[in-house]
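What follows is a short report on a single structure.
In what follows, every chain begins at residue 1, and chains take the letters A, B, ... in the order their sequences are listed. Atom set for the values below is all heavy atoms of this structure, side chains included, hydrogens, waters and symmetry mates excluded. Since the model is a prediction, treat every value here as computed from it, not as a measurement.
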There are 2 protein chains.
Amino acid sequence: MRAATEHAASVCPVEVTVSIVGGSWKLTIVQKLLAGTRRFGELRRDVGGVTDRVLTRQLRELESDGLVHREVFAQVPPRVEYSLTAEGESLRPLVEMMDEWGRQWTSEHVGGVPA
Amino acid sequence: MRAATEHAASVCPVEVTVSIVGGSWKLTIVQKLLAGTRRFGELRRDVGGVTDRVLTRQLRELESDGLVHREVFAQVPPRVEYSLTAEGESLRPLVEMMDEWGRQWTSEHVGGVPA
DNA sequence: CAGAATCCTCGCAGATACTG
DNA sequence: CAGTATCTGCGAGGATTCTG
């Protein structure tokens with residue numbers, strides 16, 4: 001278990017969840033993966049604005065937390081596919097709820113309803 | 001709107017939610033407030049392990065995000081009460097879901113089911 | 001294509017001390 | 001009691017460059 005998560009566990013369960021999905025881009029990545037398996041380059045494009053280094057690290061953390069499965073194809077050019085594990089899939093309702101809550105909050109605090 | 005939230009808004013709605021509830025202790029605080037109004041000292045005790053400075057800042061951020069209401073009583077000794085706004089209350093299902101997900105994840109990754 | 005290596009910075013969390 | 005003021009550090013996030 002990652003150090004941050006371990007510390008969170010000593011506080012309270014909600015903090016565990018935050019420590020796992022709280023990294024920047026992390027839930028956005030999960031959201032994309034909820035739609036199906038993606039290659040590294042696809043994620044980089046779909047997420048948008050994230051650098052290789054950061055995307056890689058977020059994916060590795062998600063992997064080590066057991067939410068994401070990483071499959072490497074030994075071929076040239078390299079091909080790596082990312083998909084959600086069952087545990088990752090279990091985030092679906094949470095992601096949907098947070099997406100909805102975020103839209104709601106934004107619309108109430110900006111006055112404009114996003115598409 | 002806070003800078004972090006503003007940046008998150010440019011990414012995707014889920015990131016907005018993360019930026020609002022993602023600070024350490026923040027959801028734990030909300031969880032306590034979901035049970036009812038609390039004074040500063042009560043929160044400090046209930047949350048446990050948090051310093052004055054950090055607790056204060058988290059509360060101020062929650063306040064500026066419109067989730068928490070801060071009421072100061074002009075008296076000696078000072079008395080300040082914190083409570084959730086309607087928007088804060090709207091986090092209840094999310095907090096419950098994250099609490100449950102965190103318990104589940106922890107039990108599967110540690111082998112021991114927490115109380 | 002999918003990253004690894006390197007370097008930088010900036011902000012948050014935390015500790016400590018003080019106060020109306 | 002409920003903070004503020006000040007300092008520290010640490011580590012995530014980001015930019016850039018290089019490679020099998």
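One side chain, B/T28 or A/E15, offers a donor N or O that lies under 3.5 Å from an acceptor on the other. Side-chain atoms of B/W105 and A/T17 include no donor-acceptor pair closer than 3.5 Å.
Formation of a donor-acceptor pair under 3.5 Å by the A/E42 side chain with backbone atoms of A/R39 is found in this model.
A/R39 contributes no side-chain N or O that forms a donor-acceptor pair with the base of C/dA2 under 3.5 Å. The base of D/dT17 lies outside donor-acceptor range of the side chain of A/R53, with no N or O pair under 3.5 Å.
For C/dG11, neither phosphate oxygen OP1 nor OP2 lies less than 4.0 angstrom from any side-chain nitrogen or oxygen of B/R57. Taking side-chain N and O atoms only, B/W25 has a distance below 4.0 Å to OP1 or OP2 of C/dG14. Contact between the side-chain N/O atoms of B/Q58 and the OP1/OP2 oxygens of C/dC12 is not found at any separation under 4.0 Å. Look at B/Y82 and you won't find any side-chain N or O under 4.0 angstrom from OP1 or OP2 of D/dC1. Residue A/S24 places at least one side-chain N or O under 4.0 Å from the OP1 or OP2 atom of D/dG13.
A straight line from CG of B/D52 to C1' of D/dC1 spans 10 Å, rounded to a whole angstrom. Atom CZ in B/R60 sits about 15 Å away from atom P in C/dA13, given to the nearest Å. Whole-Å rounding puts the A/R38 CZ to C/dC1 P distance at 17 Å.
Between A/K26 and A/I20, the shortest heavy-atom contact is CD-O, 3.0 Å. Between B/D65 and A/H109, the shortest heavy-atom distance links the atoms O-CE1, 3.5 Å.
Comparing the local axis fitted to the first five base pairs of the helix from C/dC1-D/dG20 to C/dG20-D/dC1 with the one fitted to its last five gives a bend of 60°, rounded to 10°.
The side chain to side chain donor-acceptor pair (under 3.5 Å) test with B/R44 is passed by exactly one of B/T51, B/T56, B/D52: B/D52.
Between A/H7 and A/R44, the residue anchored nearer the 5' end of DNA chain C, judged by the nucleotide with its closest heavy atom, is A/R44.
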